[in-house]
Amino acid sequence: NAGVTQTPKFQVLKTGQSMTLQCAQDMNHEYMSWYRQDPGMGLRLIHYSVGAGITDQGEVPNGYNVSRSTTEDFPLRLLSAAPSQTSVYFCASRQRSYGYTFGSGTRLTVV
Amino acid sequence: AQKITQTQPGMFVQEKEAVTLDCTYDTSDPSYGLFWYKQPSSGEMIFLIYQGSYDQQNATEGRYSLNFQKARKSANLVISASQLGDSAMYFCAMREGLGVGGANNLFFGTGTRLTVIP
């Protein structure tokens, strides 16, 4: 099925470990983004990309890296996980001016 | 300053009644889009309705309508004939700029948890 695929759905990390959250879309969308959702905070933008090779920071970029080598993939890297990064992470891509498609989310716990 | 403000952390509504979820926004860009998303307990983000800043009429999608008051910078969601399945978190969001390309990121409010009472 076409859409935005996020893996894994759940992950537990120890403080200091690194990992990559995967996001892939097969709709040829140029724009992709990563959000984190925390209780009472809504969704906050971490990083975004307007096309392959182009990335930029959002509201809360500290502790996260991204790259965009292909149109389809937009991985989010945590280099040294901290308990403050415990959250639900959403990847989204956009078609036209309003057609945002969200992945199903990754629930990350850092202990 | 917050771009999107949702002042109702939680709302209750009787089944089959209508409910209004409030949303105000802040932008100096004349071109913007307003969105409402539903997030059920399963966690996915479900798009409900969209209103562009230049749209003359209020958007409607089935039981959902958006009460767009541009001068007041408000974009309230109205759900008619509430159903038990409407119980969820509801997020208002805004995108500044309406071009196909470019960044023009989506900014979210903190959400309103709606509970439909049988």
Side-chain angles (χ1 to χ4, degrees), chain A residues 1 3-6 8-10 23 25 27-52 54-61 66 68 71 74 87-108, chain B residues 1-10 21 23-25 29 31-55 59 61 66 75 88-113:
Chain A
N1 290 336
V4 177
T5 303
Q6 286 185 240
K9 293 192 183 302
F10 301 94
C23 176
Q25 52 92 9
M27 300 171 284
N28 203 34
H29 290 176
E30 291 295 326
Y31 175 92
M32 296 184 74
S33 55
W34 276 101
Y35 290 86
R36 60 177 288 172
Q37 181 179 17
D38 302 296
M41 303 286 287
L43 278 73
R44 293 181 293 168
L45 183 66
I46 304 171
H47 284 285
Y48 64 94
S49 168
V50 298
I54 306 170
T55 64
D56 207 344
Q57 297 180 353
E59 301 172 82
V60 288
V66 292
R68 185 95 179 269
T71 299
F74 190 43
S87 189
V88 180
Y89 292 84
F90 285 97
C91 179
S93 68
R94 186 181 73 215
Q95 174 189 18
R96 304 189 303 273
S97 64
Y98 64 86
Y100 292 85
T101 303
F102 282 82
S104 57
T106 295
R107 187 174 293 274
L108 176 68
Chain B
Q2 286 277 30
K3 290 185 182 290
I4 294 287
T5 301
Q6 294 181 255
T7 57
Q8 306 156 314
L21 306 184
C23 173
T24 58
Y25 59 92
D29 193 327
S31 300
Y32 53 90
L34 296 157
F35 303 73
W36 278 92
Y37 286 87
K38 173 184 179 181
Q39 187 179 45
S41 57
S42 53
E44 71 267 33
M45 296 292 288
I46 302 169
F47 167 74
L48 294 179
I49 196 166
Y50 167 82
Q51 179 90 39
S53 59
Y54 296 119
D55 294 342
E61 290 285 349
L66 199 152
M89 279 291 285
Y90 288 82
F91 291 98
C92 181
M94 177 178 68
R95 178 194 173 190
E96 292 172 315
L98 296 177
V100 174
N104 309 123
N105 298 305
L106 197 60
F107 293 95
F108 285 82
T110 53
T112 296
R113 182 170 299 280

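The model shown is predicted, which means the values in this text are computed figures rather than measured ones. Atom set for the values below is all heavy atoms of this structure, side chains included, hydrogens, waters and symmetry mates excluded.
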With a 4.5 Å heavy-atom cut-off, do B/Asn105 and A/Glu59 have their side chains touching? no
To the nearest 0.5 Å, what is the distance between CD (A/Gln37) and CE (B/Met89)? 7.0 Å
Please list, chain by chain and in numerical order, all residues satisfying side chain to side chain donor-acceptor pair (under 3.5 Å) with A/Asp38, sequence neighbours excluded. A/Arg36, A/Arg44, A/Ser87
Find the distance between OH (A/Tyr35) and CZ (B/Phe108) and round it off to the nearest 0.5 Å. 5.0 Å
Side chain from CB out, backbone as N, CA, C, O: work out which of these in A/Leu45 comes under 4.5 Å of a heavy atom of chain B, or both, or neither. side chain
Between A/Tyr100 and B/Tyr37, does the ring centre distance come in under 6.0 Å? no
Could you have a look at B/Gln6, B/Glu44, B/Gln39 and say which one has the most heavy-atom pairs with chain A under 4.5 angstrom? B/Gln39
